[in-house]
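What follows is a single structure, written as structure tokens, with notes after it.
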Amino acid sequence: MTPDSQADSPPVPEFETSTLLQFLPGVGPARAEKLRKLGLRKAQDVLFFFPREHQFPPPPTKVEDLKEGSPATFIGKITDAELVSRTPGKSLFAAIVENDSGAVRIVFFNQPFRAEQLTLDRRVRISGTPKLAGLRWEFTHPKYELIEGDVDGADEERNGEILPVYPLTEGIKEYELRRLTRRVADVLADGVKEVMPGEIRSHAARRLRDAGVAVEGALPTIATTLRDLHNPPSEEELTAARVRLIFQELFVMQLALAMRRSSLTGRLQAPAMTCTAQIRQRILRRFPFELTSDQNRVIDEIAAEMGRQFPMNRLLQGDVGSGKTVVAIFAMMLAVASGHQATLMAPTEVLARQHYQTFGKILADSRVRIGLLCGSLSTAQRRETLEKIASGELDLIIGTQALVYDIEFHSLGLCVIDEQHKFGVRQRVRLREGGVDPHYLVMSATPIPRSVAMTQFGDVDLSTLREKPAGRGEVHTYLAVDSWRDRWWDFVRQRIAEGRQAYVVAPRVGDDVAERGNDRQEDEDGAAAVDEVEDVTSVNRTYEHLRDRVFPKLRVELLHGRMNAETKQDVMQRFADGEVDVLVSTTVIEVGVDVANATVMTILGGNRFGLAQLHQLRGRISRGVHAGYLCVFTDGEGSPEESERLKVFEQTNDGFELAEADFRLRGPGDMLGKKQSGLAPLRIADLNRDVEILQVAREMAQDLIDEDPQMDAEELEGLRDQVLRRYASRLDLGDGA
Ligand code: ADP
Ligand code: MG
């Protein structure tokens with residue numbers, strides 16, 4: 001209690017949350033205008049204007065702690081200063097800096113302007129390496145920082161204090177913001193409504209400690225949190241405040257995801273498909289190999305979920321070559337065994353056709369009827385296929401995504417989406433609005449970092465294939481320098497002589513100037529300068545060069561996305577049949593293509609590919625029993641980020657490790673397909689850093705929603721408001737959610 005509050009009538013607060021900044025003590029219209037640039041209008045905005053970071057000043061050194069030759073920081077007040085000019089251009093500025101422990105001397109030669117900054121009574125923080133000069137320690141040309149603040153501001157910047165660092169705007173100084181946020185927090189923090197009941201705060205702290213997060217006691221109240229963030233009394237209290245805010249942000253998000261999931265459970269219905277031991281056996285008998293234990297486990301997970309009346313929504317992630325197709329075939333056959341249709345969507349026609357063939361082989365002489373739906377069908381063929389799908393004459397429909405999305409099924413029980421690398425909450429919803437609720441199985445070779453899986457995919461179940469089928473050849477990856485090129489082509493020739501096949505991948509199709517961007521030289525006329533020898537970025541030129549000069553005796557073919565579907569299919573087929581030695585291609589082969597005899601790959605312009613893409617490409621040559629060899633050439637120097645990426649790529653073959661590295665190097669942006677991602681951006685939490693807190697928030701949110709799906713409990717009202725305010729429209733939680 002402050003002395004004031006003991007008076008008869010409560011003191012009138014000097015301002016409230018809604019007070020405009022210009023009316024706050026010490027602000028005024030001019031500063032208020034500048035603060036507006038930081039998005040600050042009202043006192044409330046200042047309260048929630050979080051520091052970017054905090055500065056921990058090193059403990060101030062005392063005079064008796066100084067040591068000859070060891071760097072030190074010393075804070076004190078200037079008690080004497082003198083500028084001595086000797087001959088023109090030669091000067092000496094010396095000053096005495098003093099604190100409770102004593103005084104030191106600082107000197108600057110030939111820098112007379114120092115005298116204007118280091119004036120009497122200024123407080124400074126100096127750092128440098130001191131020397132004993134007689135009886136006094138001396139810093140020559142130290143670095144220094146003036147400690148801001150006018151006369152009465154000075155003692156706000158006490159020694160050893162943790163200082164918040166705010167984003168600044170022109171005309172506003174850090175110390176002014178510090179003073180303002182502190183003042184506002186002192187007056188208003190106590191009035192902020194607490195949305196996290198004490199029980200949740202202490203429970204969360206316990207769980208967080210178990211997860212290894214350093215936090216003592218219960219999580220602080222919001223009032224304490226806000227005060228401590230703007231004016232941290234100690235490092236422990238600051239940590240507790242930060243953890244509380246991070247937890248709250250993630251908890252609110254996870255509550256929204258859990259609520260959404262729980263509300264969908266009530267609304268959606270899918271056909272339940274029972275998987276008996278007999279059905280399981282019958283399906284598995286069709287594969288020419290034993291499943292890996294990972295495949296078996298995932299199949300069980302999927303079968304259990306498809307047995308329920310609620311639509312499965314599962315992401316199957318497994319590194320390239322881990323055998324996801326087998327899992328897809330199993331799930332699709334299970335749907336057919338239960339009298340439903342199943343569809344498999346692929347991103348490209350090449351891949352759709354490949355799947356169609358695989359399915360055809362595995363299901364040969366069975367009664368299952370398979371249809372293919374892709375762009376190159378004639379109108380008549382297409383109409384016929386669509387009719388058979390609608391009438392139920394086809395059981396399995398394999399096609400490209402663009403085509404399968406909108407068609408009418410007789411009775412769709414399962415929808416498998418292969419090689420889906422961009423995900424978004426919305427995209428699935430759109431699918432669901434088609435009128436049926438099939439089970440969904442999305443397959444991806446781009447592993448999702450754990451933290452992303454828990455946020456973006458809060459209502460998606462994850463299955464993971466980590467283990468690869470036994471007997472896989474290892475892949476050797478080399479980052480090449482240009483001078484290796486001839487030797488490498490020799491190596492490729494040798495492997496081909498042994499009966500293997502090779503890929504050569506280039507980043508671009510053609511030579512158009514537009515496509516090149518401005519990263520190549522252009523001559524006077526503006527036409528692209530033709531690289532005499534070899535333009536490694538163009539697949540057309542690379543193809544010509546390899547065919548005519550490097551491998552004149554081999555069968556070299558070209559494949560890229562701009563060729564018509566028939567030609568593409570023909571080239572792929574001949575490559576698969578071993579009639580082509582070297583396939584020169586763009587990344588159209590990136591996804592899913594499966595030719596076990598192709599074991600050598602050359603990537604040109606490797607710096608232009610992302611990590612996930614490189615790894616996908618490498619996956620093309622780790623599919624058979626033979627060892628794979630990959631050589632990556634770059635064009636030019638590449639940025640540091642590019643070379644870092646390539647180094648990581650060379651060092652690890654594990655898709656999960658690469659995904660984590662990618663996430664570290666680039667952030668989650670691309671992978672999530674930001675525009676579709678549907679979740680509000682996080683303000684304080686960082687998915688990379690706060691993964692433990694996220695895990696706890698997720699589990700607690702799930703428990704809470706299991707118990708109280710609508711968050712009806714009175715003490716949850718504030719939290720529920722936050723969840724709805726932030727996520728209702730994004731996650732379609734709206735009314736009745
Ligand atoms: P991806 O996960 O990249 O889609 P695929 O499903 O295409 O991988 O499988 C890669 C290769 O491994 C295929 O040729 C497939 O026939 C083979 N394969 C899958 N599962 C097994 C297994 N359990 N044992 C042996 N080979 C397998
Ligand atoms: Mg695949």
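In each ligand, atom 1 is the first atom listed, and ligand 1 is the first ligand listed.
Ion pairing between K468 and D319 holds under the 4.0 Å rule for side-chain N and carboxylate O. At a threshold of 4.0 Å, the pair E557-R574 counts as salt-bridged, since one of the basic side-chain nitrogens sits closer than that to a carboxylate oxygen.
Counting the atoms of ligand 1 from 1 in the order shown, those under 4.0 Å from a heavy atom of T325 are 4 (O), 5 (P), 6 (O), 7 (O). In summary, the atoms of ligand 1 found under 4.0 Å from a heavy atom of E290, numbered by their order in the structure, are 22 (C), 23 (N), 24 (N). Applying the 4.0 Å criterion to heavy atoms of V326 picks out, from ligand 1, the atoms 19 (C), 20 (N). Close approach to L291 involves these atoms of ligand 1, each under 4.0 Å from a residue heavy atom: 23 (N). Taking every non-hydrogen atom of T292 and a distance limit under 4.0 Å, the qualifying atoms of ligand 1 come out as 23 (N).
The shell of residues lying under 4.0 angstrom from ligand 1, judged by heavy atoms, includes S322.
Looking at S463 and R314, their side chains do bring a donor and an acceptor atom within 3.5 Å of each other.
With a 6.0 Å radius and a threshold of 12 heavy atoms from other residues, nucleotides or ligands, E579 has its CD atom above the threshold. Shown here is R689, whose CZ atom has more than 12 heavy atoms of other residues, nucleotides or ligands within 6.0 Å.
Atom 9 (O) of ligand 1 has its nearest heavy-atom neighbour, among G323, P469, G655, in G323.
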| said: Is there a side chain to side chain donor-acceptor pair (under 3.5 Å) between Q573 and Q357? Walk through the geometry before answering. | reply: CA-CA 11 Å; Q573 190 58 55; Q357 284 189 353; 2.8 Å; yes
